[in-house]
Amino acid sequence: MGHITGRRKGNKKKINRNLGKRWKTKYWRTTKDIDQIDDDLAPHKAYEYLNQKADPEKPGDGQNYCLLCGTYFINKETLVIHLRTKNHKKRVRELQLEPHSQEEADRAAGMGNFIMPEERIVRDLTADDQVRDADYVAEKDEEIMKEISKSMSTAEPKRKKRKHSMFIEVKSKASATNKG
């Protein structure tokens, strides 16, 4: 008799060979850590991020950046949608507490007294807080105006006249015998 479907022969355990692949792809962090973002919130760095020149290597030419999450977006509408998401609001709440430091880790290990981290006021950003590059804005406005003029034009596109019919005429045996 063969074994029942779904059972393995013997006492062998099934080995999961995809574990490394899963950690490399599915759970790979695409955003910055809280302590990195806390460094970016310093006034001189925040000003640089919010007043970037257009960079074609970055999504949306680097003109749509969420400072609190550390991510770039394709256009302003996507940034506005992101600012209302659960992930963004969660990141704002995380930034209200000071990030962990080595001193705090030492205190937690028993090398001092525990001190509750201070709460900070983190102002939620809007899409209009970012100053966009003037050349980038002019280029996008020009693209929009071209699209509008194309849709508003009343002239129909000229069609080329075909010399022959688009369909191929097929002669069947029945039609050939009826004629003859």
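What you see below is based on every heavy atom in this structure, not just the backbone, and it leaves out hydrogens, waters and symmetry mates.
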Report task. Go through Leu95 and Ile37 one step at a time and tell me if the side-chain contact (heavy atoms from CB on, under 4.5 Å) criterion holds. Result -> CA-CA 8 Å; Leu95 285 169; Ile37 291 174; 3.9 Å; yes
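- Residues Leu67 and Leu79 fall into different hydrophobic clusters, defined by Ile, Leu, Val, Met, Phe, Trp and Tyr side chains chained together at heavy-atom separations under 4.5 Å.
- At least one donor-acceptor pair under 3.5 Å links the side chain of Gln36 to the backbone N or O of Asp33.
- Under a 4.0 Å N-O distance rule, the pair Glu143/Lys146 does not qualify as a salt bridge.
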Query raised in the report: For Leu97 and Ile34, what are the C-alpha separation, side-chain angles and deciding distance, and is it a side-chain contact (heavy atoms from CB on, under 4.5 Å)?
Result: CA-CA 10 Å; Leu97 293 177; Ile34 293 292; over 6 Å; no
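- The NZ atom of Lys86 lies 8.0 Å from the NZ atom of Lys90; values are rounded to the nearest 0.5 Å.
- Note on Val80: it does not cluster hydrophobically with Phe73, by side-chain heavy-atom contacts below 4.5 Å among ILVMFWY residues.
- Under the 3.5 Å distance criterion, with hydrogens and angles disregarded, a donor-acceptor pair is assigned to the side chains of Asp106 and Gln102.
- If you take CG on Leu68 and NZ on Lys89, they are separated by 13.5 Å, rounding to the nearest 0.5 Å.
- Gln52 contributes a side-chain N or O that, together with a main-chain N or O of Tyr49, makes up a donor-acceptor pair within less than 3.5 Å.
- For Ser101, there are no side chain to side chain donor-acceptor pair (under 3.5 Å) partners at least two apart in sequence or on another chain.
- Counting all heavy atoms, side chain and backbone alike, Cys69 lies closest to His82 at SG-NE2, 3.3 Å.
- Two different hydrophobic clusters hold Leu83 and Tyr65 under the rule that ILVMFWY side chains link at heavy-atom gaps under 4.5 Å.
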**Report entry** Test salt bridge (charged side-chain N to carboxylate O under 4.0 Å, His left out) applied to Glu94 and Arg91, step by step
**Finding:** CA-CA 5 Å; Glu94 290 173 353; Arg91 183 58 64 105; 3.6 Å; yes
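- Cluster annotation: Val92 is connected to Leu50 through the hydrophobic network of ILVMFWY side chains, with a link wherever side-chain heavy atoms come within less than 4.5 Å.
- Checked by atom type and distance alone, the side chain of Asn75 pairs as donor or acceptor with a backbone atom of Thr78 at under 3.5 Å.
- For the pair Asp40 and Lys32, the tightest heavy-atom approach, listed with the atom from each and the gap, is OD2-NZ, 2.6 Å.
- Residues satisfying the side chain to side chain donor-acceptor pair (under 3.5 Å) criterion with Glu77, sequence neighbours excluded, are absent altogether.
- With rounding to the nearest 0.5 angstrom, the CD atom of Glu98 is 13.0 Å from the CG atom of Asp35.
- If you take NE2 on His88 and CD1 on Ile81, they are separated by 13.5 Å, rounding to the nearest 0.5 Å.
- Shown here is Gln96, whose CD atom has more than 12 heavy atoms of other residues, nucleotides or ligands within 6.0 Å.
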